[in-house]
2 protein chains.
Amino acid sequence: MRKDAQINQQKILNAAAKLFKERAVSTVSMKDIAQVAGIGTGTLYRNFPNKSELCMALSLDYIQQFITGEEAQLHNSASSVTKQFENFLTRWLEFRERRIQLLTEIETGPSVMSTFYHSPLYQQLVNLTMQALKPISDNISESELKFRADMLISMLKSDSYAYQREQGLTREQIAINISHLMIKRCD
Amino acid sequence: MRKDAQINQQKILNAAAKLFKERAVSTVSMKDIAQVAGIGTGTLYRNFPNKSELCMALSLDYIQQFITGEEAQLHNSASSVTKQFENFLTRWLEFRERRIQLLTEIETGPSVMSTFYHSPLYQQLVNLTMQALKPISDNISESELKFRADMLISMLKSDSYAYQREQGLTREQIAINISHLMIKRCD
DNA sequence: ATAATAAACGGAGCATACTCCATTTGTCAA
DNA sequence: TTGACAAATGGAGTATGCTCCGTTTATTAT
């Protein structure tokens, strides 16, 4: 990679981060970002083919941090597996709320779902979710575990989650409902 | 409502249906639709505030038919509740595949998720899904049943479903995995 | 019939995502 | 150092969703 290209990529990321701090992500246009970065829109689009992918790049750090934090927690088992799973869900929902604008942009990108699902970001998320699901899923094949992780992530996407909140459910109630749904109880 | 307005609304629906038959939904622009309908774009947008809502209006009939058909089936119990639920899922997935373009347009509309979730279309879907879930969900509150219906619909949205198919799962495998997930088994 | 008015019309115009390609620039072999 | 060229640049241009508002039209009261 040429040196100027690398510099421009950094300029873009800085400009986007700056603008996203100042105003709502959805109100920042690609032109704005190019302008603040001091480059042409063509250059912006070569680096990031669309706004969603730019947001993905910006989310990488955050997600990384979340995952690292969770992997540390996962085996600090101070409570029942059920409680542990509920806590994991709650923290994931907290994270979503904190980064809701970026995540919404990523998840609603035009045809970017195809990109998102094939990104390392998604892979890492699936791996973490599988680890969280494993203790509460006895006798389950690896492929079915993967399926459930995909479904769990799908259930908690921005739109769906926002709708549940709007219906009056709290974060905790959602976490509990989800855990009831995912945990095989035999009462 | 003024007579001319009603006529124009019908002209729009006809034009859209015609164009959507001829080429992919995503390649048909609102301008195209207005042109074929023989009206101005302003008129088009007064009738349908965006493409997603136009697609919703066009889907109404299809969904209605599906729901009517299912309500007839639901109580024709020739098999176990589990099998019945699996069949319901399979038919829902068949329906999705047949109408995938319209449904994708509806589900990925910009900020239209808020509209979609509050549409009668979604309410009907939730009601049907709740009916299908009820026999396999013992001792569950009405609100939790609603939650599960929401989640089931969320899991099977276009993006998520397309991803699973791409991963190599067949429609039947997806139906089975979902039913494993939703049914409380105590083996 | 006619006038008054609210409702609907339509297309010019705007904003924004994204593309195209003539021009510039960094890199590297000779 | 210099020449050649692949790589990168940038902004004009295109497509499309959507809005605004001056004009037209259906309806209703008189």
Side-chain angles (χ1 to χ4, degrees), chain A residues 1-16 19-20 22-58 101-102 104-116, chain B residues 1-16 19-20 22-58 101-102 104-116:
Chain A
M1 190 187 225
R2 252 167 61 169
K3 204 177 54 186
D4 52 346
Q6 211 155 8
I7 289 170
N8 276 333
Q9 192 157 325
Q10 201 51 57
K11 280 201 273 186
I12 291 167
L13 289 171
N14 292 342
L19 285 170
F20 290 168
E22 289 170 6
R23 45 198 169 101
V25 170
S26 66
T27 70
V28 177
S29 74
M30 292 296 263
K31 210 171 143 195
D32 291 339
I33 295 170
Q35 216 146 42
V36 169
I39 58 166
T41 58
T43 304
L44 173 52
Y45 277 97
R46 170 138 12 69
N47 281 275
F48 301 99
N50 53 58
K51 203 174 166 186
S52 296
E53 294 211 29
L54 174 52
C55 289
M56 256 195 254
L58 280 171
Q101 293 191 2
L102 278 179
T104 301
E105 192 65 43
I106 292 172
E107 288 167 3
T108 61
S111 90
V112 170
M113 285 315 298
S114 40
T115 325
F116 174 58
Chain B
M1 188 187 225
R2 252 166 62 169
K3 204 176 57 186
D4 51 346
Q6 210 155 9
I7 289 169
N8 277 333
Q9 192 157 324
Q10 202 51 57
K11 279 201 273 187
I12 292 167
L13 290 170
N14 292 341
L19 285 170
F20 290 167
E22 289 170 7
R23 45 198 168 100
V25 171
S26 66
T27 70
V28 176
S29 74
M30 291 297 263
K31 212 170 139 196
D32 292 339
I33 295 170
Q35 216 146 42
V36 169
I39 57 166
T41 58
T43 303
L44 173 51
Y45 276 96
R46 172 140 10 71
N47 281 275
F48 302 99
N50 54 57
K51 202 175 166 184
S52 295
E53 295 210 30
L54 174 52
C55 288
M56 256 194 255
L58 280 170
Q101 294 192 1
L102 278 180
T104 301
E105 192 64 44
I106 292 173
E107 286 167 4
T108 63
S111 89
V112 171
M113 285 316 297
S114 41
T115 323
F116 174 58

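Below, chain A is the first sequence line, B the second, and so on; all start at residue 1. Every heavy atom of this structure was used, including side-chain atoms; hydrogens, water molecules and symmetry mates were not.
A straight line from CG of B/N47 to C1' of C/dA7 spans 12 Å, rounded to a whole angstrom. In this structure, CG of A/L19 is placed 15 Å from C1' of C/dT16, rounded to the nearest angstrom. Rounded to an integer number of Å, the gap from A/L54 CG to C/dT16 P is 16 Å. In this structure, the OH atom of B/Y45 is 15 Å from the C1' atom of C/dA12, given to the nearest Å.
Between B/R46 and B/P49, the residue whose closest nucleotide on DNA chain D is further toward the 5' end is B/P49.
Contacts of A/T104 classified as side chain to side chain donor-acceptor pair (under 3.5 Å), with partners at least two apart in sequence or in another chain: A/S158. For A/F116, the ring-ring contact (aromatic ring centres under 6.0 Å, His included) partners at least two apart in sequence or on another chain are A/Y122. With sequence neighbours excluded, no residue forms a ring-ring contact (aromatic ring centres under 6.0 Å, His included) with A/F20. With sequence neighbours excluded, the residues satisfying side-chain contact (heavy atoms from CB on, under 4.5 Å) with A/Q6 are A/M1. Residues satisfying the side-chain contact (heavy atoms from CB on, under 4.5 Å) test with A/S29, not counting sequence neighbours, are A/K31, A/D32.
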Under 3.5 Å, sequence neighbours excluded: what are the donor-acceptor pairs made by side chains of residues 9-16 of chain A?
| from | atom 1 | to | atom 2 | distance (Å) |
| --- | --- | --- | --- | --- |
| A/Q10 | NE2 | A/N14 | OD1 | 3.4 |
| A/N14 | ND2 | A/Q10 | O | 3.4 |

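Within 4.0 Å (heavy atoms only), B/L44 reaches no atom of the nucleic acid at all.
Residues of residues 24-33 of chain B having a heavy atom closer than 4.0 Å to DNA chain D, listed by number: B/S29, B/M30. For the contact set between residues 1-16 of chain B and DNA chain D, defined by any heavy atom under 4.0 Å, the members are B/R2, B/K3, B/D4.
Inter-residue side-chain proximity for A/I33 and A/L44 is flagged as met; some heavy-atom pair is nearer than 4.5 Å.
Sorted by first and then second residue, the side chain to side chain donor-acceptor pair (under 3.5 Å) pairs with a member in residues 34-53 of chain B form an empty list; sequence neighbours excluded.
Scanning both residues, A/Q101 and A/V25, for their nearest heavy atoms gives OE1-N, 3.0 Å.
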All N/O pairs under 3.5 Å across the protein-nucleotides 12-14 of chain D interface:
| from | atom 1 | to | atom 2 | distance (Å) |
| --- | --- | --- | --- | --- |
| D/dA12 | N6 | A/T41 | OG1 | 3.3 |

